[in-house]
Amino acid sequence: VDRLQLTFPSGLAVANILRALTDPALLKRSVARLGGGIALGIGGGLASAKIAALGVIELSTSTLGAGMLVGARIGVAALAAALTGSLLIPAFVSIGWLQPGEPFRKITFLIGLGLIIGAAILDIGQIMLEAWRRWRESSPAPAPAAGEEAWKRISYPRLVAWTAFWAAVLVWVGSQLLHQPLMFLILAAALVLVFALVNGISLGISDSTPISAAFVTAIVLMAALGLKDAGVGLMAGSVLLVACAVSADMQQDRSTGWRLGTPRALQFRFQVLGLLVGAIASVGFARLFMNAYPVLALDQTTMLAADAPAQWQSAMTYKFVGALRGLTDDKPYQRHAIVLGIAIGLAVQILRRWLFARPAYQRLRTRHRAGGTVDFLLDAVLIPSPYAYSFGTFFGIATSAWLAVGGVISSSAAWLDGRRRRGRARGGDADALPADMSTTSLIGGGLIAGDALAALGLGIAGLLSTLAG
């Protein structure tokens, strides 16, 4: 988080919301934006569940809000991926990677996972080389200053000891109490070290946490080592899944604290307490939503595109079930799709790094009248970031379209907001929000929160209705 200082869009949004709620001056100027977003999210969530026309277009105010957080370059890239996947359906059918009538994401999600892994190979490799170079060239690090940098203090030996202790407990419980093969548990624990970095980078760039890439990679490796039991794969893969999800969330939370200057050690302790509460609460929420929304119990990996539900696409479960099925129903082309994605992701990331660093390209982007348009088309459509592009390989066209709409709204609003800020600054207006607190981040965060509240309300109402019946 400190070294790369990536955007972490949701982390920025949370920092903005906390600023707005804790600063009386900002609260007055931002409560309407945040509250308005929540109200729209609740209204949109309820309407999409009750009005058939909105269900047909798969309205998702949370996806719209997510697009407003990540911007057009990521949202449009996701839509481009979904459209490309749809156009390639005949080709996939002709080579046997899809059966007629199956949705494109049944195979493109594997390619998307490969894209993330391929890009991460380059990114993680560069980070490791930089870390090695800095370690070779550096002198002993001085103690943190007592003033400005004091909030960065943390005891690394204690942190390493904490991690090692719980890793050992995890492996022991899994092997001795749950009777899972020790080799696969150790493999999953080792992969956490790599994918914690992969997921953190992806989350910081695109607001996407590709924990599914970690899960599927672990399953593929275990299958190569001879694993055939889907139950063991689920258990060992879940170790990796949960650890990477927690790691990515903690990195994003740290990005919020990094912006607000909160003490690391204190924040870490509260995060651990949050994990304990979340582990308990998630069981209750899972039972609530599974009972209230029966569609969540359907195996969408066996459905044709025409039969798939418009809402609750369950993209994460879709990928996990698809990977686990490969243990008992081996299909070599699925591995080929992942390898293809890795090759494309690595090649695209190399090309992007080379092209965008060229002085000639920088001059075109900043000085030519059409430079901004060319830069956007290259970055969002022609050679988009594999992290951003992979969004559209996991979802249907409608979901990707709502993400793109939110991104376009956000980027357009940011452009207009920049012009207003410059005008206000010239006029001496002190009522403008801080430069890094965008209006759309507050509204987008409100939309996500409101949609979640609507889903929770409908879930409770549905469960109560079921119990009463």
Side-chain angles (χ1 to χ4, degrees), residues 3-9 12 66-85 87-88 111-112 114-116 118-127 129-130 201-208 341-393 400-401 403-423 425-426 435-436 438-441 444:
R3 181 69 65 194
L4 295 183
Q5 294 189 3
L6 300 174
T7 305
F8 284 98
L12 174 59
M68 295 176 71
L69 295 182
V70 301
R73 291 176 184 263
I74 293 175
V76 172
L79 179 58
L83 292 173
T84 302
L87 292 174
L88 287 176
I111 299 175
L115 289 173
I116 295 171
I121 289 173
L122 179 64
D123 293 335
I124 297 299
Q126 288 188 330
I127 289 175
L129 289 175
E130 179 186 355
I201 290 175
S202 178
L203 187 65
I205 293 173
S206 67
D207 211 42
S208 169
I342 292 174
I344 295 174
L346 180 59
V348 168
Q349 196 73 342
I350 293 173
L351 176 60
R352 284 171 55 86
R353 291 290 185 89
W354 176 84
L355 176 62
F356 294 157
R358 296 299 92 193
Y361 182 83
Q362 293 296 327
R363 289 193 296 270
L364 170 66
R365 187 175 65 86
T366 57
R367 300 179 185 177
H368 198 278
R369 178 176 297 180
T373 302
V374 172
D375 180 61
F376 177 81
L377 291 175
L378 285 172
D379 191 30
V381 180
L382 299 179
I383 50 172
S385 165
Y387 300 106
Y389 190 84
S390 63
F391 261 123
T393 65
S400 299
L403 190 74
V405 169
V408 171
I409 292 174
S410 174
S411 296
S412 301
W415 180 77
L416 294 173
D417 193 46
R419 297 190 61 180
R420 294 193 193 100
R421 289 180 189 275
R422 290 190 291 269
R426 287 192 295 268
D436 63 346
S438 66
T439 298
T440 53
S441 70

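Keep in mind the model is a prediction, meaning the values are calculated, not measured.
Closest heavy-atom contact between Gly392 and Ala81: CA-CB, 3.8 Å. For Met68 against Ser410, the heavy-atom pair with the smallest separation is O-OG, 2.8 Å. Pro386 approaches Gly345 most closely through the heavy-atom pair CG-O, 3.8 Å. Contact record, Val70 with Gly75: CG2-N, 4.4 Å, taken as the closest heavy-atom pair.
You'll find the side chain of Leu378 stays beyond 4.5 Å of the side chain of Arg352, heavy atoms only. Side-chain contact between Asp375 and His368 is absent, with no heavy-atom pair separated by less than 4.5 Å. No side-chain heavy atom of Arg73 sits under 4.5 Å from any side-chain heavy atom of Ser411. Side-chain atoms of Leu79 and Leu403, non-hydrogen and from C-beta on, never get closer than 4.5 Å to each other.
Within 6.0 Å of CZ in Arg358 there are more than 12 heavy atoms belonging to other residues, nucleotides or ligands.
The distance from atom CG of Leu355 to atom CD of Gln362, rounded to the nearest 0.5 Å, is 9.0 Å. Rounded to the nearest 0.5 Å, atoms OG1 (Thr393) and CD1 (Ile116) are 7.0 Å apart. Note that the CG atom of Leu346 and the CG atom of Leu115 stand 11.0 Å from one another [nearest 0.5 Å]. Put simply, CG on Leu69 and CD1 on Ile74 are 10.0 Å apart, with the number rounded to the nearest 0.5 Å. Atom CG of Leu377 sits about 11.0 Å away from atom CD1 of Ile383, to the nearest 0.5 Å. Rounding to the nearest 0.5 angstrom, the gap separating the OG1 atom in Thr84 from the CD1 atom in Ile111 is 11.0 Å.
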Practice problem: Report the C-alpha distance between Val76 and Phe376 in whole Å, list the side-chain angles of each, state the deciding distance to 0.1 Å, and finish with yes or no for side chain to side chain contact (heavy atoms under 4.5 Å, CB included). | Solution: CA-CA 10 Å; Val76 172; Phe376 177 81; 4.0 Å; yes
